Structure formats: structure tokens, C-alpha cells
Amino acid sequence: MNDVKKALTVIANWKMHRTISEAKKYVTDLAPLIQGSLSQVYLAAPFTMLSEIAPLCRASNIVLGAQNMNDHDEGAFTGEISGKMLKDAGADFVILGHSERRTLFHESNDFVNRKVKKAIDVGLVPVVCIGETAAERDSGNTANVLSYQLRYSLAGVNSEQIGRIMIAYEPLWAIGTQQAAMPAVAQEMHLFCRRYIEDQYGKYAAEKVSILYGGSVKPDNAKVLSEQKDVDGLLVGGASLSVESFEKIVNFPNGIL
Ligand code: 13P
């Protein structure tokens, strides 16, 4: 399966960082450095700056997206942002079910699932995050946790829609810890996810779906992680905050044309 590797997808997840002027400077500085890169560069920015940096991103082949959304188009949901609003502001993708949202804001698989379906409806690519805690891994429960999260986050998504989704495997023990998964562990988990998709949706869907790794990705481990057969991309938090390190992650794995 997946004999020919896809172009690598590298997503910067800024989390709650950057002002509008800082974001504009970052995109302006990054753009010339990634020109000709074989990787597809995505940027998940905070809501406030989406419409401000959308033209800059469009001009430099950076795919712009958001880090969360609500599952309704509109309504009395104080403080929430809809997928429709994200599209309107220039976003083309959205991270959903990030472990920080699941843990800190108590988002359930069911809520994530409703958002996934809404994102597809409004034309956003959902990047669906899954991952196990250290305790779940230590107790031998990783496979159960991942398949449960996949089953309920993707419930009702059909085999045509699954091709428009990305899955991000982000083990919680690797996020922000400087302890990325060993490449062989990432490969094993990505293969597990791909087999799950194959079982549910068939071989074609399993080959088409992109499975990204996230958790302490840095310039010095990006290459080896991205060389793993079933790693189609990287979701980068801390190391995406500086243009210098993010550019290295984007360019090292595939090289510059
Ligand atoms: P770090 O790269 O800072 O570990 O964060 C990973 C992450 O949560 C990306 O979504």
C-alpha cells in the first residue's frame, strides 16, 4: 500500500500565538524560502488574522486554515466561529479534535464528528487529530484508543468524503515535550490508522487519505519521520513559530527543486 510517497504536507499550528502584524511579517519572510519546495505548506492561524493574511498566503502557495470551528452555521453560540465564517475569511482547512481542545475544553468525539461533517459540507478540509496519552500507551491500550477515536470522530463520513480528510496522529506524550515518537513507532501507528481506514472504506480511500504525524517535530527529526512509509506529513506546533525552523522542516525532507 502507498508505494509512491505523496508530496509531504507540512502544517504549522500556531496555537494561541501571533498578532496580525507578526503574522504578516512571518508569511512575508517565509514565502521566498519555500518557493519551489516539494512540500505542501499549510498554516493554521488564529481566527483574528485569517482575513488579513489570506491574500499573502494565496500569493505564496501557503494553504491557510484555522484551529477549530463550531458545528453550526450560525446561531446563539457566544464566542464560537462557524465553518462558513472561516471560509469567508479565507480558510481552506481546519484542525479538529486537537488534543488541547479535547482535554482543556472537553470536546467529545461526538462533537468532533459533527464538526468534521460540517467542515466537509462547507468545503473545508478537516484535519482530524487523534492520539493516546502516556498512560493509555503504557497500559497497552493505544490501538483501542485510536480506533475508538477514529470510529466516533469519523462516524457517518462516507468513502468519497474520506479522501478529503486528513488524519493527524498526535500522541499526547509527544506534544510539547521534546520527545517525538521514534520513527518506527510513528510508522506503526500510521499503518494502524491506514489499515483502519482500509477496513472501513476500502483500499483506494486508505491510499488517498493523508496521515500526518505531530508531536515535537523539529528540524532535526523531520526528515527521518517524514521518510516513514505511512507518514504523509507533519503537524508542527512549537517549531512552526520561527520562520527559520519551520522553513527547515518544510525544505529538508524533500529538498528544494
Ligand atoms: P509541538 O510541535 O509543539 O509538540 O505541538 C504539536 C502539536 O500539537 C501540533 O498540533
Side-chain angles (χ1 to χ4, degrees), residues 8-18 22-23 26 30 39-47 49-50 62-69 86 91-107 112 115-116 119 124-134 136-137 142 145-146 149-150 153 165-183 185-186 189-190 193 210-226 228 231-253:
L8 196 75
T9 298
V10 186
I11 305 183
N13 176 9
W14 280 355
K15 307 192 178 182
M16 197 173 72
H17 293 279
R18 298 282 170 267
E22 287 166 354
Y26 180 107
L30 180 67
S39 301
Q40 311 269 323
V41 181
Y42 284 56
L43 168 60
F47 299 137
M49 63 201 60
L50 290 175
I62 296 170
V63 184
L64 182 62
Q67 302 167 16
N68 183 30
M69 60 174 253
L86 295 180
D92 285 317
F93 77 98
V94 59
I95 295 176
L96 296 176
H98 190 282
S99 66
E100 286 150 18
R101 302 250 19 124
R102 290 179 187 267
T103 345
L104 302 173
F105 302 98
H106 313 293
E107 290 194 5
V112 173
K115 297 182 199 214
V116 169
L124 290 164
V125 172
V127 178
V128 184
C129 301
I130 57 166
E132 80 286 3
T133 63
E136 287 162 345
R137 171 160 285 271
T142 302
V145 170
L146 297 187
Q149 289 175 336
L150 286 168
S153 302
I165 284 181
M166 294 193 215
I167 293 167
Y169 169 62
E170 295 207 304
L172 275 71
W173 45 268
I175 296 178
T177 59
Q178 315 295 328
Q179 298 275 319
M182 296 302 286
V185 172
M189 296 300 107
H190 281 231
C193 295
S210 285
I211 307 174
L212 278 50
Y213 168 79
S216 295
V217 174
K218 306 283 172 219
D220 61 3
N221 60 20
K223 185 171 188 297
V224 62
L225 283 164
S226 62
Q228 303 306 304
V231 175
D232 302 314
L234 304 167
L235 180 49
V236 189
S240 74
L241 290 172
S242 109
V243 168
E244 199 193 354
S245 60
F246 187 60
E247 175 268 326
K248 287 188 180 130
I249 293 170
V250 169
N251 286 323
F252 277 7

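Each ligand, and each atom within it, is numbered from 1 in the order the structure gives. All values derive from a computational prediction rather than experimental measurement.
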(message) Under a 3.5 Å distance rule, please check whether Glu170 uses its side chain to pair with a backbone N or O of Gly131 as donor and acceptor.
(response) no
Ligand 1 to Gly237, heavy atom cutoff 4.0 Å, flagged ligand atoms 1 (P), 2 (O), 3 (O), 5 (O), 6 (C), 9 (C)
Residue Glu244 excluded, over 12 heavy atoms near CD under 6.0 Å: no
- prompt: Ignoring hydrogens and geometry, is there a side-chain-to-backbone donor-acceptor pair from Ser226 to Lys223 under 3.5 Å?
  reply: yes
Shortest non-hydrogen pair, Met69 vs Lys115, comes out as O-NZ, 2.9 Å
Only residue of Asn251, Val250, Thr9, Ile249 satisfying side-chain contact (heavy atoms from CB on, under 4.5 Å) with Val41 is Val250
Main-chain N/O of Ser216 paired with Gln179 side-chain donor or acceptor, under 3.5 Å
no
> Taking N or O atoms only and a 3.5 Å limit, does Asn13 qualify as a polar contact for ligand 1?
Replying inline: yes
The atoms of ligand 1 lying under 4.0 Å from a heavy atom of Gly215, numbered in the order shown, are 4 (O), 6 (C)
**Asked** Does an N or O from Thr177, backbone or side chain, lie closer than 3.5 Å to an N or O of ligand 1?
**Response** no
Numbered in order shown, the ligand 1 atoms found under 4.0 Å of a heavy atom of Glu170 are 6 (C), 7 (C), 8 (O), 9 (C), 10 (O)
ask   = Does Lys15 have a non-hydrogen atom less than 4.0 Å from ligand 1?
value = yes
> Are Gly176 and ligand 1 in contact, using a heavy-atom cut-off of under 4.0 Å?
Replying inline: yes
Note: ligand 1 atoms sitting under 4.0 Å from heavy atoms of Gly238 are 1 (P), 2 (O), 3 (O)
